[in-house]
Amino acid sequence: MKNILLIGGSYGIGLAIAKELQFENNVYIASRSNENLSDVKAIHIAFDATTDTIDTSKLPTIIDGLVYCPGSINLRPFKGLKPEAFETDLQINFLSLVKVIQSVLPNLLASEQASIVAFSSVAATM
């Protein structure tokens, strides 16, 4: 069984991925809430991608897959967006992803063949 870490796996695409992976993998979900995870076989770690550093002591030493699902988007005309709105989107869609990867990089490198998948939009639907 592979160890898969989902960042933001309690809603939307992340939850759907967790439901698919749970039977043949050890799934770890790091998210702000766990209210939708009662029927998912996974270990939940309380984590907010915008403010927290992931507690790697709660993770296995080998992570075979990392899936990053948090995302934001400002659906307003470009001329009405302030720089702060771009900074907020950049923080969750990219900088928080970098921070997570840096935190778990030793665990990923311990795998024979680790993979990273990143989603960066709340505009995606299933």
Side-chain angles (χ1 to χ4, degrees):
M1 291 189 113
K2 295 190 181 262
N3 296 318
I4 310 296
L5 172 59
L6 288 150
I7 306 296
S10 55
Y11 293 98
I13 292 173
L15 180 58
I17 292 169
K19 288 180 177 181
E20 287 293 319
L21 294 177
Q22 68 180 331
F23 301 110
E24 296 181 12
N25 301 280
N26 300 312
V27 178
Y28 296 80
I29 297 176
S31 64
R32 292 179 292 182
S33 70
N34 64 353
E35 63 188 59
N36 295 322
L37 300 177
S38 60
D39 63 337
V40 178
K41 184 183 162 207
I43 295 170
H44 182 259
I45 301 165
F47 176 73
D48 184 329
T50 60
T51 58
D52 298 340
T53 299
I54 193 157
D55 183 355
T56 57
S57 71
K58 296 182 179 184
L59 297 172
T61 56
I62 297 173
I63 296 176
D64 301 292
L66 168 64
V67 183
Y68 185 86
C69 300
S72 67
I73 188 170
N74 282 291
L75 296 173
R76 288 182 270 155
F78 183 82
K79 66 182 180 179
L81 287 173
K82 301 210 180 289
E84 295 81 15
F86 289 104
E87 290 172 358
T88 299
D89 285 349
L90 183 64
Q91 178 64 44
I92 193 160
N93 293 328
F94 181 69
L95 297 175
S96 293
L97 168 64
V98 170
K99 188 175 165 184
V100 167
I101 292 172
Q102 287 178 332
S103 295
V104 301
L105 190 57
N107 309 65
L108 290 165
L109 291 173
S111 173
E112 289 182 21
Q113 189 174 8
S115 298
I116 298 172
V117 176
F119 297 93
S120 65
S121 176
V122 295
T125 60
M126 297 191 43

Can you list the residues that meet the side-chain hydrogen bond (donor to acceptor under 3.5 Å, both in side chains) rule with N34, with sequence neighbours excluded?
-> none
Measure from the side-chain N and O atoms of N36 to the backbone N and O of S10, and report whether any donor-acceptor pair falls under 3.5 Å.
-> yes
Positive for side chain to side chain contact (heavy atoms under 4.5 Å, CB included) with T56, one of V104, L105, I63 = V104
Would you give the length of the straight line joining atom CE of M1 to atom CG of L21, rounded to the nearest 0.5 angstrom?
-> 10.5 Å
Taking C-beta and beyond as the side chain, do K19 and D39 meet within less than 4.5 Å on heavy atoms?
-> yes
CG of L6 to CD1 of I13: how many Å apart, nearest 0.5 Å?
-> 11.5 Å
Over all atoms of both residues, closest heavy-atom pair of S31 and G9 = CB-N, 4.1 Å
In one Ile/Leu/Val/Met/Phe/Trp/Tyr side-chain cluster, 4.5 Å: L108, V100 | yes
Start with the C-alpha distance between I101 and L97, add both sets of side-chain angles, then the distance that settles side chain to side chain contact (heavy atoms under 4.5 Å, CB included), and finish with yes or no.
-> CA-CA 6 Å; I101 292 172; L97 168 64; 3.7 Å; yes
Are the side chain of D64 and the backbone N or O of I4 linked by a donor-acceptor pair below 3.5 Å?
-> no
Would you say the side-chain atoms of S96 pair up with the backbone N or O of A49, donor to acceptor, closer than 3.5 Å?
-> yes
Applying side-chain hydrogen bond (donor to acceptor under 3.5 Å, both in side chains) to T50 and not counting sequence neighbours gives D48
Which value, rounded to the nearest 0.5 Å, describes the distance between L5 atom CG and I45 atom CD1?
-> 6.5 Å
Roughly how far, to the nearest 0.5 Å, is the CD atom of E87 from the NZ atom of K82?
-> 12.5 Å
Side chain proximity check, V27 to V40, heavy atoms < 4.5 angstrom = no
With hydrophobic residues grouped by side-chain heavy-atom distances under 4.5 Å, do I62 and L66 end up in a single group?
-> no
Neighbour count above 12 (heavy atom, 6.0 Å) for Q113 CD = no
Do you know which two heavy atoms are closest between C69 and G14, and how far apart they sit?
-> SG-CA, 3.6 Å
Can you hop from I7 to I116 via hydrophobic side chains spaced under 4.5 Å?
-> yes
Grouping ILVMFWY residues whenever side-chain heavy atoms fall under 4.5 Å, the cluster of F78 otherwise contains L81, F86
Decide yes or no for D55 and F47: does some side-chain heavy atom of the first lie under 4.5 Å from some side-chain heavy atom of the second?
-> no
Spacing of OH belonging to Y68 relative to CG belonging to N93, to within rounding of 0.5 Å = 7.0 Å
Donor-acceptor pair, side chain of D52 and main chain of I54, under 3.5 angstrom = no
NZ/K2: more than 12 non-hydrogen atoms of other groups inside 6.0 Å = no
Work out which heavy atom in S33 is nearest to a heavy atom in H44; give both atom names and the distance.
-> O-NE2, 3.1 Å
Quick one: CG on N107 to OG1 on T61, what's the gap to the nearest 0.5 Å?
-> 7.0 Å
